[in-house]
2 protein chains.
Amino acid sequence: MAVFLSSFVNRVDKKGRVSVPASFRAVLGPDATGIVVFRSLQYDALDGCSIAHLELLSQSLDKLDLPPEAYELIETTIFGGSHQVPFDSEGRVSLPQALTEAASITDEVVFVGRRKTFQLWSPEKFAAHDAATRSAARAKDLSLSKIIAAASLKMEGSV
Amino acid sequence: MAVFLSSFVNRVDKKGRVSVPASFRAVLGPDATGIVVFRSLQYDALDGCSIAHLELLSQSLDKLDLPPEAYELIETTIFGGSHQVPFDSEGRVSLPQALTEAASITDEVVFVGRRKTFQLWSPEKFAAHDAATRSAARAKDLSLSKIIAAASLKMEGSV
DNA sequence: TGGGTATATATGGGATAGCATGGGTCGCTA
DNA sequence: TAGCGACCCATGCTATCCCATATATACCCA
């Protein structure tokens, strides 16, 4: 298993600690000392990823010829706004108050796998977001089988 | 951890001392005796970095083919206007009054990590700047995955 | 197949060390 | 000698570590 999959609801104790789902920790690898968390640019939620992933982003930035204002945006919002949170011996992290407030997270967190990264939501916000996303997908007549069929056609064509 | 990450708010005591965040000191290394601080060229804020980084910047300047007026500008504003501030035994620095005034820093400072360097803001100014940056990013529909996707393409293309 | 056991995971609480912060004293300088 | 800055020590808070417990899942054996 190499990608973040499925979603989990975990409790936040009064010290602000949350268990990172074991399957997510497995994806991060046995050597991971923690995760990186920052505010999502699109939603009232948090984005999480491995430290290695952020380093990849850092290297990517150096390679891209981005306009100066884009650098500014990324450096301030991602690097300035991100927090590296280490695991304790039980695989928990403590989320900084600034971040939990921004995402309306109080006593429960939903971990949502998004392949290379994952998101942290308050249960209420996520329920609303999930419903909205589903109905939007339905309105666009998206379906998994259609996507796969389209991808297969494309691959055949390219062979 | 090799880059300056996340942001911290620390108090300035009446002697003008501020604790440099422990994680920033960790990036600077155990041998660092202090930091270098100078006024940001773009904002009413201060830029900070290691002494080593300033030397690197100096060397980079020599390699670049900049117009003479750019050299002039950089040498007077950055090198002329920068202050080297040493740590005390607790990891604190005293910011020169000329700099704190320029950045409207009074009794609290926000340290903002920007990978190779960091910034020092007054809390009020930073809140405004952060909000503006964030909404600009949202308007541009920037996202982490898009940036990495773009960087990956570029890296593949360059091979 | 069913019951029982063992392992892993999530969760909770207490102890401890690190860190931010504040104040005091000594020595240098003007 | 007065003022300023550098160093030292003290304190409160917070985050980290360590141990304990509950629950769910997987495993094993009859």
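Side-chain atoms are counted along with the backbone in the values below, which use heavy atoms only and exclude waters and symmetry mates. As the structure is a computational prediction, the values presented were derived from the model and not from experiment. Chain letters run A, B, ... following the sequence lines, proteins first and then strands; every chain starts at 1.
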B:Asp107 CG - C:dA20 P separation (whole Å): 18 Å

Report yes or no: is the cationic atom of B:Arg114 (NZ for Lys, CZ for Arg) under 6.0 Å from the centre of the six-membered ring of A:Phe79, at an angle within 45° of the ring normal? no

Measure the distance from CG on A:Leu95 to P on D:dA15 and round it to the nearest whole Å. 11 Å

Sort me out a list of protein N/O and nucleotides 18-20 of chain D N/O pairs below 3.5 Å, or just none if empty.
residue: D:dC19; atom: N4; partner: A:Glu90; partner atom: OE1; Å: 3.3
residue: D:dC19; atom: N4; partner: A:Glu90; partner atom: OE2; Å: 2.9

Show which residues join A:Leu144 in its hydrophobic cluster (side-chain heavy-atom contacts under 4.5 Å, direct or indirect), or state none. A:Ile148

Reckon B:Val18 touches a base, only the sugar-phosphate, or nothing at all at heavy-atom distances under 4.0 Å? nothing

Whether the A:Glu55 and A:Gln59 side chains hold a donor-acceptor pair (N or O, under 3.5 Å, no angle test) is what I'd like checked. no

For a quick test of reading the model: is some side-chain N or O of A:Lys14 closer than 4.0 Å to OP1 or OP2 of C:dG13? yes

Answer with yes or no whether the side chains of B:Glu72 and B:Thr76 bring together a donor and an acceptor at under 3.5 Å. no

Base, sugar-phosphate alone, or nothing: which one does B:Pro21 contact when heavy atoms must sit under 4.0 Å apart? sugar-phosphate

B:Lys15 NZ to D:dC7 P, straight-line distance once rounded to whole Å: 12 Å

So B:Phe4 and B:Phe24, would you call those rings parallel, tilted or perpendicular, with 30° and 60° as cut-offs? perpendicular

Find the distance B:Phe8:CZ to C:dA20:P and express it as a whole number of Å. 8 Å

Between C:dC19 atom P and B:Phe87 atom CZ, what is the distance in whole Å? 13 Å

For the residue pair A:Arg39 / A:Thr77, report whether a side-chain donor-acceptor contact shorter than 3.5 Å exists. no

B:Asp13, nearest nucleotide to its side chain (from C:dG13, C:dG22, C:dA20): C:dG22

State which of C:dT11, D:dC7, C:dA20 makes the closest approach to the side chain of B:Arg25. C:dA20

